[in-house]
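Take a look at the structure below.
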Amino acid sequence: MGLPRVLEAIGAACRRAGRRPEEVRLVAVTKGRSVEEIWERVLRHGPFPLGESRVQEALRKMELLQAEWHLVGPLQRNKAKLAPRFALIHSLDSLRLAEALERVGAREGVRLRVLLEVNLGREPQKHGFLEEELLDAYERVRAMPHLEVLGLMTVPPVGPEGVVRPIFRRLSQLADRLGLPERSMGMSDDFPIAVEEGATLVRVGRALFVD
Ligand SMILES: *Cc1c(COP(=O)(O)O)cnc(C)c1O
């Protein structure tokens, strides 16, 4: 597709849903892509936030590219000290990780911005809180002074619209219920559906890099 067409598709989905395009941010997921590709396919078009799923790969690229970096993949607790390098961590998936991040935030004197990842598809191989754990987890993380919970994130099971749309809708309902503004949902195959269902951050990789 390429970035201009991804933005057009976000705009079209906003019109269908009666939303304003400014409500949706494109996070360009750049894992596995070279610095040259990221420049050519993303940053040449504007200062988009960049999402990486592996900390080490992100750190290497940070040396070479000026951008707002987001972590979208799982963060191991032994790498928690690197969290302050990211403007937003989409993938806070356990209370033990939250406690580790809280200690890092306290030590460095910073407040880390996070999203709680929710495993709405209840897939055993996926990360995130189960829906019934979410309220308690939110209350606990919200009480940590060096973490700022901005919203929720989900990665739905692979499947057709009939599978993913209800999951996106549910994530929006849960965020509404908790009074949280951000919903990180939608990837290359399904971001227009996610926008129709209330996404504020779409995490798009492949569609930006292949025509
Ligand atoms: C890779 C990845 C994406 C982007 O997926 P594409 O299918 O390439 O758009 C989004 N979110 C997470 C968590 C990812 O790991």
Side-chain angles (χ1 to χ4, degrees), residues 1-10 12-13 24-35 37-38 40-43 45 48-61 65 67-76 79 82-83 85-94 97 101 113-130 150-161 163-165 167-168 170-172 175 182-211:
M1 260 180 130
L3 189 140
R5 288 180 56 205
V6 168
L7 288 182
E8 278 171 33
I10 291 171
V24 184
R25 282 183 93 195
L26 170 62
V27 179
V29 177
T30 49
K31 60 169 180 254
R33 307 290 171 177
S34 70
V35 164
E37 279 178 293
I38 297 168
E40 181 60 29
R41 303 290 299 202
V42 179
L43 294 176
H45 299 281
F48 293 91
L50 304 183
E52 285 282 337
S53 48
R54 289 173 43 242
V55 172
Q56 295 303 338
E57 182 177 346
L59 293 181
R60 279 200 304 278
K61 291 173 181 173
L65 288 171
E68 179 185 310
W69 293 90
H70 292 197
L71 186 68
V72 301
L75 177 61
Q76 271 92 44
K79 299 214 175 85
L82 299 166
R85 307 289 295 272
F86 295 92
L88 181 64
I89 292 168
H90 290 233
S91 44
L92 177 52
D93 59 3
S94 74
L97 176 60
L101 292 176
R113 308 174 109 202
V114 299
L115 308 178
L116 301 185
E117 181 169 356
V118 195
N119 183 359
L120 288 174
R122 313 186 75 83
E123 295 174 279
Q125 76 278 20
K126 285 238 170 85
H127 296 264
F129 297 99
L130 294 173
L150 295 183
L152 304 179
M153 179 272 220
T154 199
V155 182
V158 175
E161 183 173 338
V163 170
V164 298
R165 186 183 291 279
I167 286 192
F168 293 151
R170 186 73 186 137
L171 194 80
S172 281
E182 300 286 359
R183 304 98 206 267
S184 169
M185 57 190 195
M187 317 199 300
S188 290
D189 290 330
D190 52 25
F191 69 89
I193 303 169
V195 170
E196 288 174 9
E197 296 299 336
T200 60
L201 295 159
V202 290
R203 308 180 309 271
V204 179
R206 220 168 354 102
L208 301 174
F209 293 94
V210 297
D211 285 314

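Both ligands and their constituent atoms are indexed starting at 1 by order of listing. For clarity, every value in this text was computed on a predicted model and none was experimentally measured.
- Using a 3.5 Å distance cut-off with no hydrogens or angles, the side chains of Ser91 and Glu117 do not pair a donor with an acceptor.
- Near Val204, the atoms of ligand 1 lying under 4.0 angstrom from a non-hydrogen atom of the residue are 9 (O).
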Glu182 and Arg113: side chain to side chain contact (heavy atoms under 4.5 Å, CB included), yes or no, with the steps?
CA-CA 11 Å; Glu182 300 286 359; Arg113 308 174 109 202; over 6 Å; no
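- A distance of 11.0 Å separates CZ in Arg183 from CD in Glu197, rounded to the nearest 0.5 Å.
- A distance of 9.0 Å separates CG of Leu208 from NE2 of His45, quoted to the nearest 0.5 Å.
- With Lys126 contributing its side chain and Pro156 its backbone, the two residues share a donor-acceptor pair below 3.5 Å.
- Ranking the protein heavy atoms by distance from atom 13 (C) of ligand 1 puts Val72 O, 3.4 Å first.
- Between Arg206 and ligand 1, at least one N/O pair is under 3.5 Å apart.
- The shortest contact between atom 15 (O) of ligand 1 and any protein heavy atom is with Lys31 NZ, 2.7 Å.
- At a threshold of 4.0 Å, the pair Glu161-Arg165 counts as salt-bridged, since one of the basic side-chain nitrogens sits closer than that to a carboxylate oxygen.
- With hydrogens left out, the protein atom closest to atom 9 (O) of ligand 1 is Ser188 OG, 2.5 Å, a heavy atom.
- Scanning all heavy atoms of the two residues, the minimum distance from Ala87 to His70 falls at CB-CD2, 4.3 Å.
- From the protein, the heavy atom lying nearest to atom 10 (C) of ligand 1 is Met187 SD, 3.1 Å.
- Within ligand 1, the atoms closer than 4.0 Å to a non-hydrogen atom of Gly205 are 4 (C), 6 (P), 8 (O), 9 (O), numbered from 1 in the order shown.
- Taking any N or O of Ala207, backbone or side chain, none lies under 3.5 Å from an N or O belonging to ligand 1.
- Contact annotation for His90 and ligand 1: no heavy atom of the residue comes within less than 4.0 Å of the ligand.
- Scanning all protein heavy atoms for the shortest distance to atom 11 (N) of ligand 1 gives Arg203 NE, 2.9 Å.
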